[in-house]
Student: 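Supplied in structure tokens, the structure appears directly below.
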Amino acid sequence: MKRNIVIAVVTAAALVGGGTATALAVSGDDDDASTPVTRTDDDRDDRSDDGSDGSDDGDDGDRAAAPADVTAADAVAAALRHTPGTAVSAELDDAHWEVDVLGKGDTWHSVRVDPDTGKVLGSSEDDEDDTAEVRAALKGTSVTAEDAAKAAAAKGTVVSVDLDDDGDDRGWEAETRASGGDERDWNVALTTASVTADRDDD
């Protein structure tokens with residue numbers, strides 16, 4: 001008789017609390033005292049408001065698939081604040097912006113910039129053998145990599161900007177991605193920052 005009363009009380013408490021309860025009555029005969037053991041599992045807080053279990057299974061590793069919060073121009077500026085020199089290229093990959101900076105002498109640096117915050121994640125020295133060509137291409141010019149990125153941004157989201165120091169058509173090459181995902185290549189003049197479609201992209 002006492003067991004029935006205990007189980008009824010525990011069940012009622014579980015219904016009022018909104019959770020689930022498990023009652024175990026340990027008893028000998030009816031005259032012995034029963035000891036209820038109650039465990040309440042309330043998993044209402046284990047789920048988010050949308051009914052999910054609160055776990056984050058999303059994959060945000062492919063940053064290049066969506067426009068970054070930090071633009072190419074922002075990434076170049078952040079890299080140069082960290083490593084003074086001349087920015088020669090900036091490219092957005094799956095994890096970060098990578099900005100190549102020509103420092104003093106023949107020293108090259110590869111600076112990694114977070115595409116969400118603009119913070120510099122780190123840098124390393126690179127070996128390049130075209131230092132003389134780069135300096136010659138930029139001599140007497142007024143348009144920097146940052147300027148070229150800003151100019152090309154009028155055509156779409158800039159995902160890379162790079163110096164083309166070959167031949168007579170020297171200039172900045174920029175790649176943009178439209179909202180629909182279409183990619184286009186552009187040429188940015190070294191002295192006027194005028195943007196024209198890359199003929200090889202037609």
Side-chain angles (χ1 to χ4, degrees), residues 55-135 137-138 141 143-167 169-190 193 195-202:
S55 63
D56 184 8
D57 295 328
D59 182 10
D60 60 354
D62 189 8
R63 299 182 190 276
D69 296 330
V70 176
T71 67
D74 295 335
V76 170
L80 291 178
R81 284 194 298 269
H82 180 271
T83 305
T86 302
V88 177
S89 70
E91 182 176 4
L92 177 65
D93 65 14
D94 289 348
H96 54 257
W97 282 102
E98 184 168 338
V99 182
D100 290 333
V101 177
L102 175 57
K104 293 181 178 180
D106 296 337
T107 304
W108 287 84
H109 302 273
S110 178
V111 184
R112 299 178 303 280
V113 179
D114 190 297
D116 294 324
T117 65
K119 293 182 179 179
V120 172
L121 302 174
S123 65
S124 59
E125 287 193 15
D126 282 346
D127 293 329
E128 300 286 348
D129 57 3
D130 60 346
T131 302
E133 291 85 350
V134 169
R135 293 199 186 280
L138 292 175
T141 65
V143 178
T144 65
E146 184 178 356
D147 296 333
K150 289 179 179 178
K155 305 296 184 179
T157 300
V158 178
V159 293
S160 73
V161 60
D162 188 24
L163 177 66
D164 180 6
D165 58 2
D166 293 332
D169 295 330
R170 295 175 177 177
W172 294 104
E173 294 180 342
E175 182 180 349
T176 61
R177 180 176 294 124
S179 57
D182 294 334
E183 295 180 351
R184 292 291 307 273
D185 293 327
W186 307 91
N187 295 319
V188 182
L190 287 170
V195 181
T196 57
D198 191 331
R199 288 174 296 185
D200 295 335
D201 193 43
D202 295 336

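Just so it is clear, the values below take in all heavy atoms, side chains as well, and ignore hydrogens, waters and symmetry mates. For clarity, every value in this text was computed on a predicted model and none was experimentally measured.
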Student: Looking at CG of Asp162 and CG of Asp100, how far apart are the two atoms once the value is rounded to the nearest 0.5 Å?
Tutor: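 Asp162 atom CG to Asp100 atom CG measures 8.0 Å (nearest 0.5 Å).
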Student: Thr131: which residues meet the side chain to side chain donor-acceptor pair (under 3.5 Å) condition with it, sequence neighbours left out?
Tutor: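 Thr131: side chain to side chain donor-acceptor pair (under 3.5 Å) contacts with Trp108.
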Student: What heavy-atom pair brings Pro115 and Ala95 nearest, and what distance separates the two atoms?
Tutor: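 Minimum heavy-atom contact is CD-O, 3.5 Å.
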Student: List for me each residue that meets side chain to side chain donor-acceptor pair (under 3.5 Å) alongside Glu173, sequence neighbours excluded, and say none if there are none.
Tutor: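 None.
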Student: Looking only at non-hydrogen atoms, find the nearest pair between Asp116 and Asp114 and report the distance.
Tutor: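 Where Asp116 meets Asp114 most closely, the heavy atoms are N-OD1, 2.7 Å.
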Student: For residues Thr107 and His109, report the shortest heavy-atom separation together with the two atoms involved.
Tutor: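 Shortest heavy-atom separation between Thr107 and His109 comes out as CG2-NE2, 3.3 Å.
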Student: Residues in salt bridge (Lys or Arg N to Asp or Glu O under 4.0 Å) with Glu146, at least two apart?
Tutor: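 Scan of Glu146 (salt bridge (Lys or Arg N to Asp or Glu O under 4.0 Å), adjacent residues dropped) gives Lys150.
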Student: Working to the nearest 0.5 Å, report the span between CG of Asp164 and OG of Ser89.
Tutor: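 If we round to the nearest 0.5 Å, Asp164:CG and Ser89:OG are 12.5 Å apart.
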Student: Please list, chain by chain and in numerical order, all residues satisfying side chain to side chain donor-acceptor pair (under 3.5 Å) with Ser160, sequence neighbours excluded.
Tutor: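 None.
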Student: Tell me, with the steps shown, if Leu163 and Leu190 meet side-chain contact (heavy atoms from CB on, under 4.5 Å).
Tutor: CA-CA 9 Å; Leu163 177 66; Leu190 287 170; 4.0 Å; yes
Student: So, for Ala151 and Val188, which heavy atoms are closest and what is the spacing to 0.1 Å?
Tutor: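 Scanning both residues, the minimum pair turns out to be CB-CG1, 4.3 Å.
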Student: Got a sec, which residues hit side chain to side chain donor-acceptor pair (under 3.5 Å) with Asp165, two or more places apart in sequence or on another chain?
Tutor: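 Per chain and number, Asp165 pairs via side chain to side chain donor-acceptor pair (under 3.5 Å) with no residue.
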Student: Looking only at heavy atoms, which two atoms of Gly103 and Arg135 are closest? And how far apart?
Tutor: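 Minimum heavy-atom separation between Gly103 and Arg135: O-NH2, 2.9 Å.
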Student: Using side-chain contact (heavy atoms from CB on, under 4.5 Å) as the criterion, list what pairs up with Ala90, not counting sequence neighbours.
Tutor: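 Result, side-chain contact (heavy atoms from CB on, under 4.5 Å) vs Ala90: Val76, Trp97, Val99, Val161.
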Student: Using atom types as modelled and distance alone, determine if a side-chain donor or acceptor of Trp172 lies under 3.5 Å from a backbone N or O of Val143.
Tutor: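 The answer is yes, because a donor-acceptor pair under 3.5 Å joins these two groups.
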Student: Can I get a per-line list of side-chain donor-acceptor pairs under 3.5 Å for residues 78-87, giving both atom names and the distance, sequence neighbours left out?
Tutor:
none

Student: Indicate the atoms forming the closest heavy-atom contact of Ser110 with Glu98, along with that distance.
Tutor: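 Smallest heavy-atom distance, with atoms named: OG-OE2, 2.9 Å.
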Student: Picking from Thr196, Thr176, Asp198, what satisfies side chain to side chain donor-acceptor pair (under 3.5 Å) with Trp186?
Tutor: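 Between Trp186 and the candidates, side chain to side chain donor-acceptor pair (under 3.5 Å) is satisfied uniquely by Thr176.
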Student: Please report, to 0.1 Å, the donor-acceptor pairs under 3.5 Å made by any side chain of residues 117-126, with sequence neighbours excluded.
Tutor:
{"from": "Thr117", "atom 1": "OG1", "to": "Lys119", "atom 2": "N", "distance (Å)": "3.2"}

